[in-house]
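Structure record follows, encoded as structure tokens.
Quick caveat, the model's predicted, so the values are computed rather than measured. What's counted below: heavy atoms across the whole structure, side chains too, no hydrogens, waters or symmetry copies. So you know, we letter chains A, B, ... as the sequences are listed, proteins then strands, and number each from 1.
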2 protein chains.
Amino acid sequence: MSLKYSILGLLHYEDMHGYRIKEHIEKNFGHMWSINFGQIYPNLKKLEQEGLVSMGEAVQNGQKGPPKKLYSVTPKGKQEFLTWLEQSPEKSMLLRDPFLMRFVFFGFGDTKIAIGLIDEQIAAYEDQLHHRQQNKKRWQSKDIFVNQVAELGIEMNSMFLTWLKSTRKKLVETIPMDTMNEMDKEASE
Amino acid sequence: MSLKYSILGLLHYEDMHGYRIKEHIEKNFGHMWSINFGQIYPNLKKLEQEGLVSMGEAVQNGQKGPPKKLYSVTPKGKQEFLTWLEQSPEKSMLLRDPFLMRFVFFGFGDTKIAIGLIDEQIAAYEDQLHHRQQNKKRWQSKDIFVNQVAELGIEMNSMFLTWLKSTRKKLVETIPMDTMNEMDKEASE
DNA sequence: CCTCTCATGTAAGACGTTACATGATTCA
DNA sequence: TGAATCATGTAACGTCTTACATGAGAGG
């Protein structure tokens, strides 16, 4: 149920229509969240039915496409949002990552392939880290909370990279010398 | 779809029945995963229909309750598991944590309440960290991969705690002196 | 006798993702 | 003309959680 309230929260910054909300999330929180229209439009409808947001006149604003439906938070919506904000969250963070799920079982497979998969992860997260660092610079001015989450993302990312690299090293050490051939270049790092 | 393969993976260690699988996950991976019967039994059925596991005679083993249905991995299951293992995972880690979801919007609420919620998180994760550390000692002997995941869990946990504490400090500093009353004891840490 | 543990399973619903359908305008 | 962008939405599907139904034996 937090997605509904996240949308309600975003509307506290400014009135938006569905399409805009998706853009906003992708731009500002894209590295940690993802969202799709299949969720946004039904949630907006629900929020409206509950009287937490209200839709202004559908505006054929600029030019293209169907008219935008601008939503704004009602007083009731603000109130209920605060109540939600101040509740203790029910569940704690779970790391249910598709890579980690495989990783646990790598002992049943080939170590060299495992190292290959680890290398893929390293590349992907190095990439993501750069994006996150640049994103952080771009905001900076925003409020502490948004900034702190960005900071957390960066730290998590760095930590995971460190872990991946040290894991890789440990694995390489377990491979017998005589079977090392394609691997030797990277192993000498 | 990784849950199906995780179950298949667990059955590589030893033959198990559904109830046992849940116990096993809770004991060994409980801090990162959760699973329920609503998923286990249907998945076992599906795995059997696909010929990846086979069910031995339902054994009225010891005493209580209905007979256990012991499942074991078939050769086809082993083969398909390896194929899955060696695939690159589709998606990267997402931090979609209910606390963090709220946290982003704390700017719209009361700072003191925010600090209270942060304190709750600190307590919860300090607790979890102790569990993880003790769990890690208990295993130790197991294979590198399981150990490394345990290590990662501990590091993530520690990092998150550090982040929570530094965030708390930053927030306390923004509270004007004269409105500090209930808060002063903890703030002087 | 009542509750706990062992053991099976199903059904309803919440939540998420992917894909499709529609349609106007802008730009190459 | 055809693709991209803006903008709405729905339907089908997949996954996950919660709650219930059943039933035997053990222990207080």
Using atom [atom1] of [X] as one end and atom [atom2] of [N] as the other, report the distance to the nearest whole Å.
X	N	atom1	atom2	result
A/Leu70	D/dC6	CG	P	16 Å
A/Ile40	C/dT17	CD1	P	11 Å
B/Lys46	C/dT10	NZ	C1'	15 Å
B/Asn43	D/dT15	CG	P	8 Å
B/Met55	C/dA7	CE	P	15 Å
A/Phe37	D/dT5	CZ	C1'	11 Å
B/Leu47	C/dG9	CG	P	13 Å

Distance test, side-chain N/O of [X] to OP1/OP2 of [N], below 4.0 Å:
X	N	answer
B/Lys45	C/dT10	yes
B/Ser34	D/dT17	yes
A/Gln39	C/dT17	yes
A/Lys68	C/dA24	no

I want to verify a distance call: between [options], whose nearest atom is closest to the [X] side chain?
X	options	value
B/Leu3	C/dG16, D/dT8, D/dC16	D/dC16
B/Lys91	C/dT8, D/dT8, C/dT17	C/dT17
B/Asn36	D/dT18, D/dT8, C/dG9	D/dT18

May I have all residue pairs that pass ring pair (Phe, Tyr, Trp, His ring centres under 6.0 Å) and include part of residues 36-58 of chain B, sequence neighbours excluded?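 Residue pairs passing ring pair (Phe, Tyr, Trp, His ring centres under 6.0 Å), neighbours aside: B/Tyr19-B/Phe37, B/Phe37-B/Tyr41.
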
Centroid-centroid distance, A/Phe108 to B/Tyr13, less than 6.0 Å: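 Centroid separation for A/Phe108 and B/Tyr13: below 6.0 Å.
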
Residues in contact with DNA chain D, drawn from residues 4-25 of chain A - heavy-atom cutoff 4.0 Å: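 Output list: A/His17, A/Gly18, A/Tyr19.
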
When you check the gap from the basic side-chain N to the acidic O, do A/Lys170 and B/Glu151 get nearer than 4.0 Å?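 Salt bridge absent between A/Lys170 and B/Glu151.
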
Could you walk me through whether A/Leu85 and B/Leu117 satisfy the side-chain contact (heavy atoms from CB on, under 4.5 Å) test, starting with their C-alpha distance in whole Å, then the side-chain angles of each, then the deciding distance to 0.1 Å, before giving a yes or no? CA-CA 10 Å; A/Leu85 244 200; B/Leu117 289 170; over 6 Å; no

Which residue, A/Tyr41 or B/Ser2, contacts DNA chain D at a nucleotide closer to its 5' end, judged by nearest heavy atom?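 Counting from the 5' end, the first nearest nucleotide belongs to A/Tyr41.
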
Which of parallel (below 30°), tilted (30 to 60°) and perpendicular (above 60°) describes [X] and [Y]?
X	Y	answer
A/His12	A/Phe81	tilted
B/Phe103	B/Phe106	tilted
A/Phe99	A/Phe160	perpendicular

For B/Leu44 and for A/Ile35, find the nucleotide of DNA chain C with the closest heavy atom, then tell me which residue's nucleotide is more 5'.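 Closest to the 5' end, via its nearest nucleotide, is B/Leu44.
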
